[in-house]
Amino acid sequence: MGLQAIKGFNDILPAEMNTWQWVENVFRQLLSSYNYGEIRLPLLEYTELFSRSIGDDTDIVEKEMYTFHDRSNRSLTLRPEGTASVVRAFIQHGMAATGNINKLYYLGPMFRYERPQKGRYRQFYQLGAEVFGEEDYHQDAEILIMLARYFHVLGVGSAKLNLNSLGCKHCRPAYRQALQDYLQRHGEYLCGDCQRRMQKNPLRVLDCKRPDCRKVVAEVPKILDYLGVDCQAHFDGVIRLLDEVGIDYHVNPFMVRGLDYYTRTTFEFIAGDLGAQNAVAAGGRYDRLVEELGGKPTPAIGFAIGMERLAMLVDSDSVPVSAPFIYLAALGESALNILYPLRHKLNQAGVGAVLNYRQKSLKNLMKKADRNNVVYTLIAGDQEIEQGAAILRNMKTKEQQTIPLNTLFTNIREVFDGHQNN
RNA sequence: GUGGGUAUAGCUCAGUUGGUUAGAGUGCAGGAUUGUGGCUCCUGAGGUCGAGGGUUCGAAUCCCUCUACCCACCCCA
């Protein structure tokens with residue numbers, strides 16, 4: 001092997017992009033029908049943005065960021081996630097000033113320096129959305145219902161929704177204290193990592209997978225028992241709306257997210273068949289982050305979907321195929337001279353047309369037509385052209401008709417329109 | 001960062017106790033069918049056997065080193 005792409009950085013080839021484009025198109029349509037607008041953000045930000053928003057003690061900031069210095073010695077970082085940048089843009093462009101609710105979606109690559117494995121890459125793609133200025137629980141449920149619908153349309157409805165509430169600045173400290181007290185008493189059974197987490201970030205102990213830690217965690221005080229009146233009502237509201245629409249969910253009081261900024265509702269869509277990296281989408285509410293980054297206090301909620309993971313779940317058979325409509329078989333120089341301008345005309349009219357320029361036998365051209373999965377083939381050889389005509393063959397029914405050269409374009413477009421309407 | 005697995009044709013993979021010219025399927029090209037695709041049959045092109053070193057008369061095969069990829073831990077989308 002000579003030159004290779006960087007470890008964890010992958011080429012997405014056309015065969016796969018077919019699925020990707022479908023997933024993206026459905027996403028765009030769905031989000032814009034819910035009145036979200038697309039925002040496109042830089043891949044590079046000042047490092048400070050991520051350390052302040054995601055949290056200094058998180059794994060992402062501690063050991064997974066691509067950080068380096070530019071020529072003027074500023075510390076820059078390739079974005080490891082999308083929310084921080086959206087919040088930055090929201091503040092920078094004064095979007096709060098309008099007082100409107102701002103609903104934004106984005107898609108693009110993220111970068112984390114992790115050891116690659118199934119469903120985890122160093123450059124990976126996310127589809128995400130953020131809503132600013134809406135504190136009501138209807139907004140939380142809107143996102144969950146929208147996501148559930150999205151997965152259903154893509155045929156990956158088996159992704160299971162896990163739901164939790166992390167409380168707010170009023171109820172979280174009390175819970176944190178209760179949790180820490182409990183862990184202090186049973187700390188001897190915890191693993192080394194959790195001994196450390198216990199001090200810095202006790203919530204992280206809750207989702208440790210080690211059997212010994214799980215035993216301790218099973219008996220631990222639950223955050224849901226510590227929610228204040230408002231947070232409880234908020235959580236109950238979300239659940240009621242999900243019940244009304246009939247969306248399955250699992251309340252998981254041990255689910256903690258890896259980013260520090262979450263408050264109240266947090267969620268993950270977990271899929272089987274994905275291997276160890278089984279979260280296909282995740283997100284939550286972050287009512288304090290805008291303020292913490294220097295904006296006016298603004299409630300917010302968002303989510304991100306792992307594109308590679310989602311694409312793995314999508315059955316390629318359910319992806320609409322986009323084959324060209326017609327193959328233009330040019331036998332000889334004079335035929336090529338006629339079909340060449342025709343292909344441009346057809347392509348520009350939105351009719352998928354394929355034409356090969358190298359001189360081949362008709363058998364070979366027919367084979368190419370077949371490989372291209374076209375609906376029709378136009379055969380033009382010396383015989384036909386002398387008679388001022390060409391043959392249009394329906395590849396499925398094998399019916400052939402002769403059409404005059406001077407009406408080729410209009411005739412083909414008529415056939416194309418008829419095919420579209422079926 | 002720590003484990004385990006794998007590396008042979010464009011792709012998916014065989015390759016015996018080390019043995020002479022490294023195979024199959026698929027894909028590609030040509031032909032059977034002189035101007036009509038899919039099915040069938042025939043033929044052909046395509047390999048530094050991941051890289052480097054060692055053992056041996058002889059290495060894809062045995063040993064060492066390196067590299068890449070995959071899976072898992074961890075963490076997360």
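Chain A is the first sequence line, chain B the second, and so forth, proteins listed ahead of strands; every chain is numbered from 1.
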N/O to N/O distances under 3.5 Å, protein versus nucleotides 44-47 of chain B:
none

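Using modelled atom types, one finds no donor on one side chain facing an acceptor on the other under 3.5 Å when comparing A/T265 with A/S165. For the 3.5 Å distance criterion, the side chains of A/Q123 and A/Y125 qualify, holding a donor opposite an acceptor. In summary, the side chains of A/Y327 and A/D370 do not present any donor paired with an acceptor at a separation below 3.5 Å, with no hydrogens or angles considered.
The residue A/G275 sits close only to the backbone: its heavy atoms come under 4.0 Å of sugar-phosphate atoms, none of a base. Note on A/I60: nothing from the nucleic acid sits closer than 4.0 angstrom, heavy atoms only. At a threshold of 4.0 angstrom between heavy atoms, the contacts of A/A282 are confined to the sugar-phosphate backbone, with no base atom among them. Looking at heavy-atom distances under 4.0 Å, A/E64 makes contact with sugar-phosphate atoms alone, never a base.
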Should A/Y105 and A/F27 be marked as a ring pair (Phe, Tyr, Trp, His ring centres under 6.0 Å) after you check the CA-CA gap, both sets of side-chain angles, and the distance that decides it? CA-CA 10 Å; A/Y105 78 86; A/F27 183 78; 5.7 Å; yes

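Taking side-chain N and O atoms only, A/Q117 has no distance below 4.0 Å to OP1 or OP2 of B/C71. When the side-chain nitrogen and oxygen atoms of A/K7 are compared with OP1 and OP2 of B/C69, one or more of them lie within a distance under 4.0 Å. OP1 or OP2 of B/C76 has at least one side-chain nitrogen or oxygen of A/R204 nearer than 4.0 Å. Contact annotation: A/K367 side-chain N/O to B/U33 OP1/OP2 distance is not under 4.0 Å. Residue A/K396 places none of its side-chain N or O atoms closer than 4.0 Å to OP1 or OP2 of B/G38. Between A/N364 and B/G30 there is a side-chain polar atom (N or O) within less than 4.0 angstrom of OP1 or OP2. Contact annotation: A/R371 reaches the phosphate of B/C28 (side-chain N/O to OP1 or OP2, under 4.0 Å).
In this structure, A/F267 has its ring center at least 6.0 angstrom away from the ring center of A/F303.
Residues of residues 302-322 of chain A that place a heavy atom closer than 4.0 Å to RNA chain B, in numerical order, are A/A304, A/G306, A/R309.
A cation-pi geometry, defined here as NZ or CZ lying under 6.0 Å from the six-membered ring centre and within 45° of its normal, does not hold between A/R79 and A/F50.
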Expected list for residues 371-380 of chain A: side-chain donor-acceptor pairs under 3.5 angstrom, two or more places apart:
residue : atom : partner : partner atom : Å
A/N372  : ND2  : A/K368  : O            : 2.9
A/Y376  : OH   : A/N394  : ND2          : 3.4

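Spacing between B/C28 and B/U67 at atom C1', rounded to whole Å, works out to 31 Å. Separating the C1' atom of B/C74 from that of B/U65 is a span of 28 Å, rounded to the nearest Å.
Distances were taken from every side-chain heavy atom of A/L331 (C-beta onward) to each of B/G37, B/C76, B/G35; the shortest belongs to B/G35.
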